[in-house]
Amino acid sequence: MSLEIVSRSRSFGGTQFVYRHASSSTGTPMRFSAFVPPAAEQAKVPVVWFLSGLTCTEENFTVKAGAQRTAAELGLLVIAPDTSPRGEGVPGDPAGAYDFGLGAGFYLDATVAPFSRHYRMRSYIESELPALIVDVLPADLSRQGIMGHSMGGHGAITIALRNPGRFASVSAFAPIASPMRCPWGLKALTGYLGADRARWRAYDSCALIEEGARLPRLFVDQGMADNFLQKQLHPEFLEEACKAAGIPLTLRRQEGYDHSYFFIATFMADHLRYHAKALGLTGAA
């Protein structure tokens, strides 16, 4: 599979790329961004994945999160994929809503037609994209971390729980803690997977933890002025699940912060340093 470079920009001594390729998982063209730090000129470097939230593409994180300066300093290769398949023939929400279909892939493999043909973001993130980048980018896949925002926070945590030992570090900004218990998740899980709730559990962090999946630790920031906090996010569900399972959870409740990239950018350096420390990089706090 060949990668096409869409754009390439020098940034803090490293290079910010955007790539496009034909995906075998989704059957569509897919895009992702990759920041390659200066340290990659000498050797392969650890990888941190960032999964974005509803309505986003790879661009939101790349241009708004302000990750490049700290990633360059620490020597982290940061990859941000798109959130769903796109293109001609890819179905969206029939009513045109933002929380299902295009931009709302929920990092799962759909089983209900017509979404089952293209909406295979679990396979894309867990299998196809890592295998693709290892031949093109100076990525040391023996050292990986993963993080995400909102829907992407749900994606990051569930992917890590389903793949024990793959990620040395996991973090999230305002994650959807339990999609089985919020309107966004109920709509997505029903639409993509059908009415059998047993199928949903593979895509719910709290359900996975209840069934025995574990993480070495988890770091979460949640803005307390977030409009979605009470109805959609429910960090207390994640807190309860981690406590019952003995998973060390650092949950920082940030007063005055909302759901936006201003919130993400404020604490991005903390998250990257958390990942760098777990990945064994010198100079990480």
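We use all heavy atoms of the structure for the numbers below, so side chains are in, but hydrogens, waters and symmetry mates are not.
- To the nearest 0.5 Å, the span separating CD on Gln144 from CG on Leu77 amounts to 10.5 Å.
- Val63 and Leu272 are assigned to two separate hydrophobic clusters, defined by single-linkage of ILVMFWY side chains at heavy-atom distances under 4.5 Å.
- When atom types are taken as modelled, the side chain of Tyr274 and the backbone of Val170 share a donor-acceptor pair closer than 3.5 angstrom.
- Within the 3.5 Å criterion, the main-chain N or O of Thr57 finds a donor-acceptor partner in the side chain of Asn60.
- Between the side chains of Thr28 and His118, no donor N or O sits under 3.5 Å from an acceptor N or O.
- With no hydrogens or angles considered, a side-chain donor-acceptor pair links Ser123 and Asp109 at under 3.5 Å.
- Under 3.5 Å, the side chains of Glu128 and Ser25 contain a donor-acceptor pair of N or O atoms.
- Checking Asp204 against Ser178 by side-chain atom types alone, a donor-acceptor pair falls below 3.5 Å.
- Side-chain contact, Ser2 with His21: no donor N or O sits under 3.5 Å from an acceptor N or O.
- Using a 4.5 Å heavy-atom threshold, the side chains of Tyr203 and Arg122 count as touching.
- Ion pair Glu126/Arg162 flagged as a salt bridge, since at least one NZ, NE, NH1 or NH2 atom sits closer than 4.0 Å to an Asp/Glu carboxylate oxygen.
- Side chain of Tyr119 to backbone of Pro91: a donor-acceptor contact under 3.5 angstrom is found.
- For Asp99 (side chain) and Trp184 (main-chain N/O), no donor-acceptor pair under 3.5 Å exists by modelled atom type.
- A donor atom on one side chain and an acceptor atom on the other are not found under 3.5 Å apart for His259 and Asn227.
- Screening Phe263, Phe61, Phe219 for a ring pair (Phe, Tyr, Trp, His ring centres under 6.0 Å) involving His271 leaves a single residue, Phe219.
- Of the possible donor and acceptor atoms, none in the side chain of Trp49 sits under 3.5 Å from a partner among the backbone N and O of Ile125.
- Without hydrogens or angle criteria, Arg120 side chain to Ala110 main chain gives no donor-acceptor distance under 3.5 Å.
- The existence of a salt bridge linking Glu236 and Lys243 is excluded, since no basic side-chain nitrogen approaches an acidic carboxylate oxygen closer than 4.0 Å.
- Interatomic distance, Arg181 CZ to Phe237 CZ, rounded to the nearest 0.5 Å: 4.5 Å.
- Gln222 and Gln254 share no side-chain donor-acceptor pair at under 3.5 Å.
- Smallest separation of non-hydrogen atoms from Ser205 and Leu161: O-CD1, 3.7 Å.
- Between the side chains of Thr15 and Arg10, at least one donor N or O sits under 3.5 Å from an acceptor N or O.
- In terms of modelled atom types and a separation under 3.5 Å, the side chain of Ser23 and the main chain of Thr26 share a donor-acceptor contact.
- For the atom pair OH (Tyr192) and OG1 (Thr111), the distance works out to 12.0 Å, reported to the nearest 0.5 Å.
- The distance from the CG atom of Leu3 to the CZ atom of Arg20 is 11.0 Å, given to the nearest 0.5 Å.
- Using a 4.0 Å cut-off between a side-chain N of Lys or Arg and a carboxylate O of Asp or Glu, Arg252 and Asp221 qualify as a salt bridge.
- With hydrogens and angles ignored, the 3.5 Å screen pairs a side-chain donor or acceptor of His234 with a backbone N or O of Gln230.
- Atom CD1 of residue Ile264 and atom NE2 of residue His149 lie 4.0 Å apart, to the nearest 0.5 angstrom.
- In this structure, the side chain of Thr62 does not engage the main chain of Ser33 through any donor-acceptor pair within 3.5 Å.
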Task: side chain to side chain donor-acceptor pair (under 3.5 Å) between His275 and Ser171, worked out - done: CA-CA 8 Å; His275 288 282; Ser171 73; 2.8 Å; yes

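- Residues Phe167 and Ile159 are in side-chain contact: their nearest non-hydrogen atoms beyond the backbone lie under 4.5 Å apart.
- Between the side chain of Ser150 and the backbone N or O of Gly53 there is no donor-acceptor pair closer than 3.5 Å.
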